Amino acid sequence: MIKLISEPSGKFVLANGHKLWIESSGNGKPLFLITGGPGSSHADMHSYDGLSDSSMLVFIDNFGRGKSDTAFSPVEYSIEGDVNDIEAIRSELGYEKINVLGHSYGSLVAQSYALKYSQHTSKLIIISGLYSGKMWQETNDDYNYIFSKQMPEAWDAVMALRKKVTNHQMRYIINYMRNFH
């Protein structure tokens, strides 16, 4: 038997000149869920829907992800930009204090938010977290090495796809990674 699960309804919020997509559901203190990636939409964070019994969950498609606006230039993406967008969303929704949950890359954003906006942060929750962009890169390098040795056929397929990446896409990736260090 298949059970269909519907996503909460959402809306666009204007934050720092960008239209950002958010969804909310639940009851209680606001909990902003910041996804990993970078580049992932909020969809992965719905695995935390069970927290809606005790929290008002706020799912965010940060700038350049999911349904939100996309940059004209890759240099527009940064951790600092993600942090400022979260603060703009908090303010727009009228919450004095929020709880912040960051997963993987989102943990960098969540930690930076809590440091910069401590007066608006009640709790900080880190899942599979990192403390720096350098750590994030080293972790990815380790995974790539293991993947290439244990699954060489799949690794070759990934490498073939990488060759198809356009220069614009590669510039986006490189500029985004520069903002992590």
Side-chain angles (χ1 to χ4, degrees), residues 5-26 30-49 51-52 55-93 95 98-114 116-117 121 124-130 132-133 135-137 139-140 143 158 161-162 164-181:
I5 300 172
S6 62
E7 283 190 27
S9 60
K11 66 180 182 178
F12 285 102
V13 174
L14 190 61
N16 300 313
H18 312 128
K19 271 185 4 185
L20 303 181
W21 179 257
I22 64 165
E23 294 176 356
S24 329
S25 66
L31 174 60
F32 281 45
L33 296 115
I34 306 166
T35 191
S40 298
S41 76
H42 76 279
D44 293 343
M45 300 307 281
H46 280 294
S47 60
Y48 300 103
D49 281 346
L51 298 174
S52 65
S55 298
M56 170 58 71
L57 304 180
V58 179
F59 301 93
I60 303 168
D61 280 347
N62 285 93
F63 184 49
R65 286 152 262 185
K67 296 179 182 179
S68 294
D69 282 349
T70 303
F72 293 107
S73 168
V75 298
E76 295 178 64
Y77 296 115
S78 68
I79 292 172
E80 184 68 19
D82 288 348
V83 167
N84 292 333
D85 287 345
I86 290 164
E87 173 58 12
I89 293 168
R90 182 211 55 83
S91 179
E92 177 68 25
L93 296 178
Y95 295 125
I98 61 173
N99 297 319
V100 183
L101 183 153
H103 175 259
S104 189
Y105 161 80
S107 72
L108 295 171
V109 177
Q111 291 170 80
S112 296
Y113 179 87
K116 184 172 183 178
Y117 296 105
T121 305
L124 172 64
I125 304 161
I126 302 299
I127 299 174
S128 299
L130 309 161
S132 72
M135 181 184 179
W136 181 84
Q137 183 62 52
T139 300
N140 282 337
Y143 283 132
V158 169
L161 284 173
R162 284 185 178 171
K164 294 181 180 181
V165 173
T166 66
N167 285 336
H168 174 75
Q169 291 166 324
M170 188 55 70
R171 280 193 307 274
Y172 163 80
I173 292 165
I174 290 167
N175 283 323
Y176 208 101
M177 291 307 301
R178 283 185 184 141
N179 289 314
F180 289 171
H181 297 282

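Keep in mind that this is a model prediction, so the values were computed, not measured. Values reported hereafter were calculated over all heavy atoms of this structure, with side chains retained and with hydrogens, waters and symmetry mates removed.
- The closest side-chain heavy-atom distance from Leu33 to His42 is not below 4.5 Å.
- The minimum heavy-atom distance between Asp85 and Ala15, with the atom names listed, is OD1-O, 3.7 Å.
- Side-chain atoms of Asn84 and Lys116, non-hydrogen and from C-beta on, do get closer than 4.5 Å to each other.
- A heavy-atom distance below 4.5 Å is found between the side chains of Asp49 and Phe59.
- Here CD1 of Ile127 is found 11.5 Å from CD1 of Ile34. Values are rounded to the nearest 0.5 Å.
- Looking at heavy atoms from C-beta onward, Leu93 lies out of side-chain contact with Ile98 at the 4.5 angstrom threshold.
- Judged purely by atom type and a 3.5 angstrom limit, Ser91 has no side-chain atom pairing as donor or acceptor with the backbone of Glu87.
- Of the possible donor and acceptor atoms, one in the side chain of Ser47 sits under 3.5 Å from a partner among the backbone N and O of Asp44.
- Listed for the Ser68 side chain is a donor-acceptor partner under 3.5 Å among the backbone atoms of Asp61.
- Between Met45 and Leu101 the shortest side-chain heavy-atom distance falls below 4.5 Å.
- Listed by chain and residue number, nothing satisfies the side-chain hydrogen bond (donor to acceptor under 3.5 Å, both in side chains) test with Glu92 (two or more places apart in sequence, or in another chain).
- Taking Asp69 as the reference, His18, Lys19, Phe63 meet the side chain to side chain contact (heavy atoms under 4.5 Å, CB included) condition, with sequence neighbours excluded.
- Counting heavy atoms from C-beta outward, Ile79 and Tyr105 have side chains that approach closer than 4.5 Å.
- Remark: Leu124 CG to Asn99 CG distance equals 9.5 Å, nearest 0.5 Å.
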Would you check, one step at a time, whether the test side-chain contact (heavy atoms from CB on, under 4.5 Å) holds for Ile86 with Tyr117?
CA-CA 10 Å; Ile86 290 164; Tyr117 296 105; over 6 Å; no

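- Considering every non-hydrogen atom in both Met56 and Tyr95, the closest pair reads CG-OH, 3.5 Å.
- Here the closest non-hydrogen pair linking Ser52 and Ser25 is CB-O, 4.1 Å.
- Contact detail for Ser55 and Leu31: the closest heavy-atom pair is CB-CB, 4.0 Å.
- Considering every non-hydrogen atom in both Ser107 and Gly129, the closest pair reads OG-CA, 3.2 Å.
- Looking at Tyr77 and Thr70, their side chains come closer than 4.5 Å, going by heavy atoms from C-beta outward.
- Two residues are said to be in side-chain contact when any heavy atoms from C-beta on lie closer than 4.5 Å; Tyr113 and Arg90 meet this criterion.
- Glu23 pairs with exactly one of Lys11, Lys67, His46 by the side chain to side chain donor-acceptor pair (under 3.5 Å) rule, that one being His46.
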